[in-house]
*Asks:* 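There's a structure below that I have some questions on.
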Amino acid sequence: MILSLAVCWTGATYISRYLYRYVGTPSAYFAQLIDVILGVTIFIICLSVLALYFRHKELALLAAIIDAMRRISKGDFSVKLDFPTRQSEFQTIVESINEMAGELNRMETMRQDFISNVSHEIQSPLTSIQGFTAALRNSALPVDKRNHYLDIIERESRRLSQMSENLLKLSSLESDRSDFETSRFRVDRQWRTVVLASEPQWLAKELQVDLELEKVEVEGVEDLLGQVWVNLLHNSIKFTPNGGRIGISLTKANDNAVIRISDSGIGIGEKDLPHLFERFYKADRSRNRSDGGSGLGLSIVKRIVDIHRGDVGVTSAPEEGTSFTVRIPCHWADGPEVRRKKG
Ligand SMILES: Nc1ncnc2c1ncn2[C@@H]1O[C@H](COP(=O)(O)OP(=O)(O)OP(=O)(O)O)[C@@H](O)[C@H]1O
Ligand SMILES: [Mg+2]
């Protein structure tokens, strides 16, 4: 500021000296007065020009921000503000808007993918139900064929209902962690119940199921964790050929329950592993098209494990087998928001 004032003053002196050549030099007092007035006037003009320039830039930035917000409110999330500014508060606003637009864009893509996945998953069983009901109209159809078609219709409708159940489950799991009621229970007992309940399925495939369960108690949402074990065990049964082996171990490590479920099944390719927990993801679709799943089981597993602040990992080798490891903290993080079951 002082430097610019000095520059203006010097400029004023030069200008007045130049003018005095034509109009004659006034007395020292007037010459000084003229210098002061001229200097201050030049300084004010410079300041006004600068203020106008910055105000113009600021208004342009505000207009761009308002335009971006309008486009976002109309559903255009491709907005990207590219407005370099030195004012840190404007820079923060620009960055926040870009971040918000990017996040909304990502969510919109996910929403569209979700809708197209749901439609696709609904469409294929419906097509086969429609096809086989039309075929059943033929009165000359032999009884065994008729029964076969009816079996397919029944299986496909069960698949549809299972999928809608899973979708409902997933959306209910989106609720806040504090909405769940926790209790203390023995995970080893829970596993035994799950394995016993699935006995008809693994016996039908002549699978050998080995259990190695330590006594481990955790605090969590019992029926949700039960769902995790069911989904993992059903996958192992589904993706292990007849006569295979499934091993389930439960240990306690650093106040965590660590569950490992391995099978000697078809395994999963390396490229599929990072996507397994995504909704509707099915590895190698051609191979397990007949298995009838909709690819939601593992996303439910992931969500429930996240609710318990645990983690789940997978290792696999194609044609050799797969192993899922789940870690669940034995204690639900205490907080005033957690309601516990009484008794
Ligand atoms: N134990 C396993 N062995 C081999 N592949 C597996 C195993 N578990 C999961 N997968 C692969 O991961 C995919 C996703 O599993 P997920 O449980 O989410 O879906 P799904 O079993 O196909 O259908 P859903 O569980 O909704 O009935 C499966 O389609 C399968 O390709
Ligand atoms: Mg599954």
Side-chain angles (χ1 to χ4, degrees), residues 117 121 124-125 151-152 155-156 158-159 162-163 165-166 169-170 187-188 190-214 224-251 257-306 310-328:
N117 278 326
E121 289 298 324
S124 48
D151 281 348
I152 295 175
R155 195 182 65 214
E156 294 298 279
R158 211 177 302 126
R159 193 171 127 189
Q162 176 76 39
M163 189 179 77
E165 210 175 285
N166 279 340
K169 206 170 285 162
L170 260 178
V187 183
D188 50 312
Q190 205 182 22
W191 256 110
R192 274 183 226 283
T193 314
V194 168
V195 172
L196 217 62
S198 311
E199 194 172 326
Q201 284 109 297
W202 50 266
L203 275 187
K205 290 185 84 175
E206 294 167 357
L207 300 175
Q208 181 191 329
V209 179
D210 300 324
L211 294 177
E212 224 176 287
L213 308 173
E214 270 180 31
L224 289 189
L225 276 185
Q227 182 74 59
V228 171
W229 316 142
V230 168
N231 287 8
L232 291 176
L233 181 60
H234 282 185
N235 277 352
S236 284
I237 296 173
K238 187 155 71 172
F239 298 109
T240 303
N242 287 9
R245 198 193 65 80
I246 297 176
I248 300 152
S249 76
L250 165 65
T251 48
V258 180
I259 300 97
R260 194 179 160 90
I261 165 159
S262 348
D263 59 57
S264 60
I266 60 172
I268 304 163
E270 209 174 314
K271 71 170 180 21
D272 294 309
L273 286 177
H275 305 287
L276 281 195
F277 297 97
E278 292 169 13
R279 289 176 189 187
F280 297 108
Y281 193 84
K282 287 181 254 180
D284 199 351
R285 283 164 188 264
S286 56
R287 223 173 14 162
N288 56 44
R289 188 175 290 155
S290 56
D291 296 321
S294 50
L296 290 171
L298 286 180
S299 44
I300 293 177
V301 165
K302 176 85 175 80
R303 179 69 196 127
I304 297 176
V305 171
D306 284 348
D311 43 59
V312 49
V314 54
T315 52
S316 186
E319 312 304 336
E320 282 178 28
T322 305
S323 179
F324 282 89
T325 307
V326 180
R327 181 192 61 82
I328 300 286

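Along the sequence shown, residues carry numbers from 1.
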*Asks:* How about K169: does its NZ atom have over 12 heavy atoms from other parts shown lying under 6.0 Å from it?
*Replies:* yes
*Asks:* Which atom names give the shortest non-hydrogen contact between K205 and T240, and what distance separates them?
*Replies:* NZ-O, 2.7 Å
*Asks:* Where the side chain of D263 meets the backbone of T322, is there a donor-acceptor pair that is under 3.5 Å apart?
*Replies:* yes
*Asks:* Can you tell me how far apart CG (L170) and CZ (R303) are? Round to the nearest 0.5 Å.
*Replies:* 9.0 Å
*Asks:* Taking all non-hydrogen atoms of both residues into account, name the closest pair between S299 and F277 and its distance.
*Replies:* CB-O, 3.3 Å
*Asks:* I'd like to check S198 versus H234 (side-chain heavy atoms, cut-off strictly below 4.5 Å). Are they in contact?
*Replies:* yes
*Asks:* I'd like to know whether I259 forms a side chain to side chain contact (heavy atoms under 4.5 Å, CB included) with F324, so could you lay out the CA-CA distance, the side-chain angles of the two residues, the decisive distance to 0.1 Å, and finally the verdict.
*Replies:* CA-CA 8 Å; I259 300 97; F324 282 89; over 6 Å; no
*Asks:* How far does CG of L250 sit from CD of E212, to the nearest 0.5 angstrom?
*Replies:* 10.0 Å
*Asks:* Please report the interatomic distance OG(S323) to CD1(I268), rounded to the nearest 0.5 Å.
*Replies:* 10.0 Å
*Asks:* What are the two closest non-hydrogen atoms of L207 and G243, and how far apart are they?
*Replies:* CD2-N, 4.1 Å
*Asks:* Minimum heavy-atom separation for S264 to G244, with atom names?
*Replies:* OG-CA, 3.5 Å
*Asks:* Are R279 and L296 side-chain neighbours, meaning at least one heavy-atom pair lies under 4.5 Å?
*Replies:* yes
*Asks:* Closest heavy-atom contact between S249 and L213?
*Replies:* C-CD2, 4.4 Å
*Asks:* Could you grab the distance from atom CH2 of W202 to atom CG of L196, nearest 0.5 Å is fine?
*Replies:* 7.5 Å
*Asks:* Identify the heavy atoms of V305 and D311 that sit nearest to each other, and give their distance.
*Replies:* CG1-N, 3.3 Å
*Asks:* Given side chains that start at C-beta, do those of W191 and I261 come closer than 4.5 Å, heavy atoms only?
*Replies:* yes
*Asks:* Is any side-chain heavy atom of R159 closer than 4.5 Å to one of M163?
*Replies:* no
*Asks:* If you define the side chain from C-beta out and look only at heavy atoms, does anything of W229 sit under 4.5 Å from V195?
*Replies:* no
*Asks:* Please enumerate all residues that pass side-chain contact (heavy atoms from CB on, under 4.5 Å) together with N235, with sequence neighbours excluded.
*Replies:* K238, F239, L298
*Asks:* What's the separation between atom CG in N166 and atom CZ in F280, rounded to the nearest 0.5 Å?
*Replies:* 9.0 Å
*Asks:* Has Q201 got more than 12 heavy atoms of other residues, nucleotides or ligands less than 6.0 Å from its CD?
*Replies:* yes
*Asks:* Taking atom CD as the centre, does E199 end up with more than 12 heavy-atom neighbours from other residues, nucleotides or ligands that are less than 6.0 angstrom away?
*Replies:* yes
*Asks:* Given 3.5 Å as the limit, does a donor-acceptor pair link the side chain of N231 with the main chain of G297, or not?
*Replies:* yes
*Asks:* Would you call D151-R155 a salt bridge at under 4.0 Å N-O?
*Replies:* no
*Asks:* Starting at CG of L224, measure out to CD1 of I304 and round the result to the nearest 0.5 Å.
*Replies:* 4.5 Å
